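Sequence lines set the chain letters: A, B, ... in the order given, protein chains first and strands last, and positions in each chain run from 1. What you are looking at is a predicted structure, and each value in this text was computed from that prediction instead of being measured.
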Number of protein chains: 2
Amino acid sequence: MSNDPPGFELPLRLFLGFRVLIDELHAELARQGHPHARPMHGFVLQAIGAEGTTAVDLGRTLGVSKQAAGKTIEALERLGYVERARDPRDTRRKIVRLTPSGTDVLARSARIFDELRGRWAAVIGDERLAELEADLRKVTPPDVFRLDVPGWFGA
Amino acid sequence: MSNDPPGFELPLRLFLGFRVLIDELHAELARQGHPHARPMHGFVLQAIGAEGTTAVDLGRTLGVSKQAAGKTIEALERLGYVERARDPRDTRRKIVRLTPSGTDVLARSARIFDELRGRWAAVIGDERLAELEADLRKVTPPDVFRLDVPGWFGA
DNA sequence: CTAAGATAGACAACGTCGTTGTCGTTAATA
DNA sequence: TATTAACGACAACGACGTTGTCTATCTTAG
């Protein structure tokens, strides 16, 4: 089909869509009192979850080394989004938990993403958006998010 | 609509789709004799184009500093994908041009992307893929690609 | 025509990121 | 009880993009 768009447009549009959503999310988060949140933070906070986790487990979940996970946790701790406490059952472990601020940014993110999705639905239609999501589900792995984006893209 | 998927799935799927395509591209590029090509290289080579460019212009095109563009050019030069020559009209300028190897990786990328697009079409259907692309075009800016991905995501 | 300003590219320093390697401490297992 | 495994902390490394500075060169105003 010579009328098909060139294949390189597809990845470009996918990334641009991702970037637009993330940028608008963080613009709105900044307005709502979270000006220091970064794109990766949301994914990390989501991966930590309500029950908490450890640096090693977080690294495994996100596909990076435990050291990298530890540094990310430190950064989130400085921002007040997580806190660490020793595990009484295993003195080696330090449980990382969301603070109220961390829970707040996660809740706001969910609400803002829903609103952004609504905006897309207003542009392309509810049904088409649902189809778009369903189609993407068919061609993407069920894998969780990998956090090695910087090195993956550039190195 | 409480039956809608949570809004955070959309950006996730978009990024996963991007990542899958890019990873498969580079797996195939590696098989075809370009094992050192990185995701960003394709975008940079594309931005350089057939006519060539300079570090300053490339930086402007990709939304990064001229120094960052210069470092990327150095890396591509080491890989043999571009070469630099002084501009006889303006001795300050150094024109960056694609080498045959750089042109080759670009041509192969185009072919591989087309093939990957065909694979997606086989899964979700030709029409649905065309709709997906058309819909994404409506919600994404016509902007060119910005190369500050590492810092944008993580910093 | 000359002098002031702007531009291109190179060099260095800095902070962030993920990586590997190492170490001391603590838990699990033989 | 002794060995192995796991957790977290520390340091060093290269990659990346950033700002700042410097020289060389082109452009433009007087």
Participant: Is there a path from A:I22 to A:V20 through hydrophobic residues (I, L, V, M, F, W, Y) whose side chains come within less than 4.5 Å of each other?
Facilitator: no
Participant: For the helix from C:dC1-D:dG30 to C:dA30-D:dT1, what is the angle between the axes at its two ends, each from 5 pairs, rounded to 10°?
Facilitator: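 The helix from C:dC1-D:dG30 to C:dA30-D:dT1 shows an end-to-end axis angle of 10°.
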Participant: Report yes or no: is the cationic atom of A:R146 (NZ for Lys, CZ for Arg) under 6.0 Å from the centre of the six-membered ring of A:W152, at an angle within 45° of the ring normal?
Facilitator: no
Participant: Using a cut-off of strictly less than 4.0 Å, decide whether A:S65 has a side-chain nitrogen or oxygen near OP1 or OP2 of C:dG18.
Facilitator: no
Participant: Please list, in numerical order, the residues of residues 66-76 of chain A that have a heavy atom closer than 4.0 Å to any atom of DNA chain C.
Facilitator: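 Listed by number, they are A:Q67, A:A68, A:K71, A:T72.
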Participant: Does some side-chain heavy atom of A:W120 sit less than 4.5 Å from a side-chain heavy atom of B:L136?
Facilitator: yes
Participant: Taking side chain to side chain donor-acceptor pair (under 3.5 Å) as the cut-off, I'd like each qualifying pair that reaches into residues 51-76 of chain B, sequence neighbours left out, listed once.
Facilitator: none
Participant: What residue among B:L12, B:L10, B:V139 forms side-chain contact (heavy atoms from CB on, under 4.5 Å) with A:L21?
Facilitator: B:L10
Participant: For a salt bridge (Lys or Arg N to Asp or Glu O under 4.0 Å) check, start with the C-alpha distance between B:R117 and A:E9, then their side-chain angles and the critical distance, and finish with the verdict.
Facilitator: CA-CA 10 Å; B:R117 185 183 181 280; A:E9 183 178 356; over 6 Å; no
Participant: Using 4.0 Å as the upper bound for N to carboxylate O, is an ion pair formed by B:E115 and B:R119?
Facilitator: yes
Participant: How close or far is atom P of C:dC17 from atom CH2 of B:W152, stated in whole angstroms?
Facilitator: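 The answer, rounded to whole Å, is 15 Å.
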Participant: Is the shortest heavy-atom distance from the side chain of A:H41 to the side chain of A:L79 under 4.5 Å?
Facilitator: yes
Participant: Charged N to carboxylate O below 4.0 Å: is that the case for A:E131 and B:R128?
Facilitator: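 Yes, A:E131 and B:R128 are salt-bridged.
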Participant: Find the distance A:R146:CZ to C:dG18:P and express it as a whole number of Å.
Facilitator: 12 Å
Participant: Name every residue in residues 43-63 of chain B that has at least one heavy atom under 4.0 Å from any atom of DNA chain D, in order of residue number, or write none if there are no such residues.
Facilitator: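 Hits under 4.0 Å, by residue number: none.
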Participant: For DNA chain D, which residues in residues 78-97 of chain A have a heavy atom at a distance below 4.0 Å?
Facilitator: A:R84, A:R92, A:R93, A:K94
Participant: Of all the heavy-atom pairs spanning B:L62 and B:A47, show the shortest one and how long it is.
Facilitator: CD2-CB, 3.8 Å
Participant: Can you pull the salt bridge (charged side-chain N to carboxylate O under 4.0 Å, His left out) pairs that have at least one residue in residues 95-106 of chain A, sequence neighbours excluded?
Facilitator: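 Listed by first then second residue: A:D104-A:R108.
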Participant: Can you give me the closest heavy-atom contact between A:S101 and A:G80, atom names plus distance?
Facilitator: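 Heavy atoms only, the tightest pair is CB-O, 3.6 Å.
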Participant: Looking at every non-hydrogen atom in both residues, tell me the closest pair between B:I48 and B:V96 and how far apart they are.
Facilitator: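 Looking at all heavy atoms of both residues, the closest pair is CG2-O, 3.7 Å.
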